[in-house]
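Since the structure comes first, as C-alpha cells, the remarks are kept for the end.
Because the structure is predicted, anything quoted here is derived from the model rather than measured. Below, chain A is the first sequence line, B the second, and so on; all start at residue 1.
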Amino acid sequence: MQILEQLVQLNSPQQQAVKSDRQHLLVLAGAGSGKTRVLTHRIAWLVETGLASPNGILAVTFTNKAAREMRQRVEELLPFNPRGMWIGTFHGLAHRLLKAHWKALKLPEGFQVLDSDDQLRLVKRVMTDIGINDETLQPKTAQWYINEQKDEGRRAAHVMESSDPFDTTLRKIYLAYEQACERSGVVDFGELLLRAHELWLNHPPILEHYQQRFRYVLVDEFQDINTIQYAWLRVLCGQQSHLTVVGDDDQSIYGWRGAKVENIQQFSKDYPDTEIIRLEQNYRSTATILKAANAVIDNNSGRLGKELWTTGEEGDPIDVYAAFNEIDEARYLAEQIEQLLEQGENALDMAILYRSNAQSRVLEEALIQARIPYRIYGGLRFYERQEVKNVLAYMRLIANRFDDAAMERIINVPTRAIGGKTVETLRAIAREQGCALWQAAGLAVHNKLLPGRASNAVQAFIELIDELNQETAEMELHELTQHVIDASGLKEHHQKEKGEKARARLENMQELVSATRNFNTEQEDVVSPLDAFLAEVSLDAGERQADDSKDSVSLMTLHSAKGLEFPYVFIAGMEESLFPHKMSMDEPTGLEEERRLCYVGITRAMRKLTLSYAESRRMFGNETFNRPSRFIREIPAPLLKEIRLKSTLGSGFSSGGSGFKEEVASGYGIQLGQRVMHPFFGEGIVLAASGNGANASVTVEFESEGTKELMLQYAKLSALES
DNA sequence: CCCCCCTCCATTTTT
DNA sequence: TGGAGGGGGG
C-alpha cells in the first residue's frame, strides 16, 4: 500500500496518531510538529486500509485555504482520486447542509449568504427602522453582539431578559434583525452554523442519515472552535462516530472572537476514552528559537503542557535591537534585510511581523527608501472591493429580488436620482407592510406614493433589474456578469472617473468576469450556477495578499502569520502597551492570549529570529515611551544578543527603565519616565505626555491602579527620586 | 448631488 | 498622526 511507504517517514507519535483506532483522539500538536501531515496521513490511512470509505469521512477546517490544502494533500497521498469525502470549513459544510435541506429548515430555496459588510448595513438599517439612534450604541456594537449570541448558540428569543437597558436594546435589535434576515431570505455566517445545529436537533431522521454516513470526523485547529461549532460536532458524532481533533492550546489567539480554548480540555471530559497524543518534535526552528518559545509560553497557567524539541542545531542567538524610535527601528530592519539580500538570501524567506496594522506604515517607508520589494498581507480582499461588491449586488438582486442588503447597496449606484429621501420612503413602506424593499418599491410606484420624478426613477430601476434578469436568463455565468457590468451603468460610471484608482476599478470588474468564467459549475448538487457562485464568493472572499509576484519581503500582523514559516523572522514593536497590547494586558486571560501570540510569532522563525523595540514611539501624534515588552525578559538572557547603537541613551531592557530626560511641561517638574506619587493612586511612572500649558496632561502607569491619563493642572502629582 | 471640512477615533480577523 | 464618516455648503 502506498500509505505504508509514506508512514515510514513519520516519527513515532505521528504514526501513533495516524494509526490510532481509539474512537476519540486528541492530538496536541505543537508549532511546526507536522500537524497537517498527521491529519492528511490519517485520512489516507483510513481510506486505504478500508477502515473508512471516502464517503464516510468528514474533515473540518477553519479557513478555505486550509481546506483546499488538506484536500490536495490527501489526494496526493492516495493512489486514486477519492470521491465523496466532505472536506471544508465549518461554514462551507453548514452551507452545504442548508442547501440540501432548505425545505426542512423553512428557508427559501435560493437563500443568499450575507458577509460582514452586508450584515453591518442591515444592522444599521434595522436600527433606524426601529427608531434607535442612540449615539452611545454603534451599529458595530450591535453587530458584534448579534454575532456573539449566535456563536454561543443563542437566538434572540433565547437571550435572557435583562434589567440593563443597554442589553434590552441590543436584544430588540437582534430580534428585529432576525426578522429582517428572514424577510430578505438571507443568512449570515453565524446563522449558517446555528441552522446547521438546529437541523440536527429538530430533524432526527436527517441527523441519523448523516450519523450513519460520517463514521470518521476530523477537526483541524480545534483550539479555535467556538461553542456552536463544538455543539454541532458533538451532536453529529453522537455515540457512534470516530472523532479526531488536532489543535494546540498554546496557539489559541482568537479568544476575542468567540473561540473557546476550553473546548480542548472539555473534549477529554466529554469523551473519557480519549487518547491524547502529543507532537512535540519540531521540524522547523533552531534549538535556540524553540528554547525561547518554550520559556515564554511557560509563563501561562492552565496549559495542557508541551515542550518543543529538535534534533537540529542550536543556531544563532536571537538579536534584540533597542531602537531610539520607530523610525530607527524600521531603518535597522531594512538594513538587516538588505544585508541578507546581499548575502544572496531570498526576500521571500523574510518576514516582518507586528502586533497592529498601524505599525506597517513606517516599516514600508523604510523599505521603499532601501528599495527592498515587499508585500503587505492584510489589505482588502478581492471580493470585498467596492466595485466588485456592486456588481455582485446586481447579481444577487437578479437571483433574489428580496435581498434588501443588495438592493440598498445599488439602488442608487450609479446615481439614478434615487436619493436618501426616496429610499427612506421605500423603507417606511417596507416596514409598514412587513415586506421586502423590492415589493415596497413596486407598491410605491403602483400606488403613486412618491413624487413624480422619484417615482419614474424607481420604476426605471425595477425595470432595469427585471430586464437584466430576462436578458441573462439563458446566458453563461460569465456572460451574465459581463452583461450586468455593461448594462447596469457601472462600467460607464467608473469610466467617467479619472485616475489610477478608476482604472484599477475597471480592471477589477473585468477580473470578476474572469473569475466567473473559471468558476466550476460542474460540481455536484449545483442547481443554479449564479446561486452557487454567489455563495462561494460570500464564503471565501479570496486571498488577502497583494498581487505582487516579485520576490518580496512579507509584512503582516502576528495573527495573520499563524500557520506560516520563514527562515528569517523579525518581530517589531516589542514594547509594553503595544505587545502585549494595552487593551489586553489588564486581564490575565487577555495577557495570556497576547503571550500565546508571542509564542506563535517566535515559532514562525526557522533559522534566525530578530526582535526589536523602540524606546520612543509616536502613536496617534503623541510621543510615547514604553518599556521593552515583558516577553523579551521572559526569554532566558543567554539566548539573546542585545544590539544597541553607541549613540543611544539608556540602560537596556535587562535592567528595565530607559534614560528619558525630556521635561514635559515646565513648571511641573515632571519628566517622561519619572516616578511620581499621586494622593489616591499611589506610585507610578510617567509614560507619555501631551498638550501644553493648561491642557498639559500625562499618562501615568500606576503600580496598583493601571494606566491613567491625568491633567497636570488638577492632578496632585509629586515627583519622586528614582 | 457632490465635495470638502470637521470631528472623532484608534488591536488582532474568518467565515 | 491619519482615516473614516457625518454634516453643511456650493
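- Side-chain atoms of A:Tyr177 and A:Gln119, non-hydrogen and from C-beta on, do get closer than 4.5 Å to each other.
- Between the CZ atom of A:Arg453 and the P atom of B:dC1 there is a distance of 8 Å, rounded to whole Å.
- Proximity of a side-chain donor or acceptor of A:Arg596 to a complementary backbone N or O of A:Ser252 within less than 3.5 Å is detected.
- Rounded to an integer number of Å, the gap from A:Gln143 CD to B:dT13 P is 16 Å.
- Residue A:Asn622 has no polar side-chain atom (N or O) positioned under 4.0 Å from OP1 or OP2 of C:dT1.
- Contact annotation for A:Ser538: no contact, since no heavy-atom pair falls under 4.0 Å across all strands.
- Of the P atoms belonging to B:dT13 and C:dA4, the separation is 16 Å, rounded to the nearest Å.
- Between A:Ser560 and the phosphate of B:dT13, there is a side-chain N or O to OP1/OP2 separation shorter than 4.0 Å.
- If you check B:dT13, B:dT15, B:dC1 against the side chain of A:Ala417, the one that comes closest is B:dC1.
- In this structure, A:Arg257 does not reach the B:dT14 phosphate: none of its side-chain N or O atoms is under 4.0 Å from OP1 or OP2.
- Taking 4.0 angstrom as the limit, A:Asn357 places a side-chain polar atom (N or O) nearer than this to OP1 or OP2 of B:dT12.
- Under 3.5 Å, the side chain of A:Arg355 and the base of B:dT12 form at least one donor-acceptor pair of N or O atoms.
- Listed nucleotides C:dG2, B:dT12, B:dT15 differ in distance to A:Ser356; the shortest reach to its side chain belongs to B:dT12.
- In this structure, A:Gln138 atom CD and C:dG6 atom P are separated by 10 Å, rounded to whole Å.
- Using modelled atom types, no side-chain atom of A:Trp102 and backbone atom of A:Gly110 make a donor-acceptor pair closer than 3.5 Å.
- Rounding to whole angstrom units, CG of residue A:Asp117 and C1' of B:dT15 are separated by 14 Å.
- Rounded to the nearest 0.5 Å, atoms CG (A:Leu194) and CG (A:Leu105) are 11.0 Å apart.
- Between A:His559 and A:Tyr377, a ring centre-to-centre spacing not shorter than 6.0 Å is recorded.
- Mapping A:Lys582 and A:Thr89 onto DNA chain B by nearest heavy atom places A:Lys582 at the nucleotide closer to the 5' end.
- Taking atom NZ of residue A:Lys140 and atom P of nucleotide B:dT13, one finds them 13 Å apart after rounding to whole Å.
- For A:His559, counting side-chain heavy atoms from C-beta on, the closest listed nucleotide (C:dT1, B:dT13, B:dC1) is B:dT13.
- A straight line from OH of A:Tyr383 to P of B:dT15 spans 14 Å, rounded to a whole angstrom.
- For the pair A:Arg381 and B:dT15, the criterion of a side-chain N or O lying under 4.0 Å from OP1 or OP2 is met.
- B:dT14 sits 24 Å from C:dG3 when the C1' atoms are compared, rounded to a whole Å.
- With B:dC2, B:dT13, B:dT15 as the candidates, the nucleotide lying closest to the side chain of A:Thr415 is B:dC2.
- Contact between the side-chain N/O atoms of A:Thr557 and the OP1/OP2 oxygens of B:dT13 is found at a separation under 4.0 Å.
- For A:Met556 and B:dT13, the CE to P distance is 11 Å, given to the nearest whole Å.
- For A:Phe620, taking side-chain heavy atoms from C-beta onward, the closest of the listed nucleotides B:dT15, B:dA10, B:dT13 is B:dA10.
- Aromatic pair A:Phe222/A:Tyr230: centroids less than 6.0 angstrom apart.
- In this entry the distance linking NZ of A:Lys562 with P of B:dT15 reads 12 Å, nearest Å.
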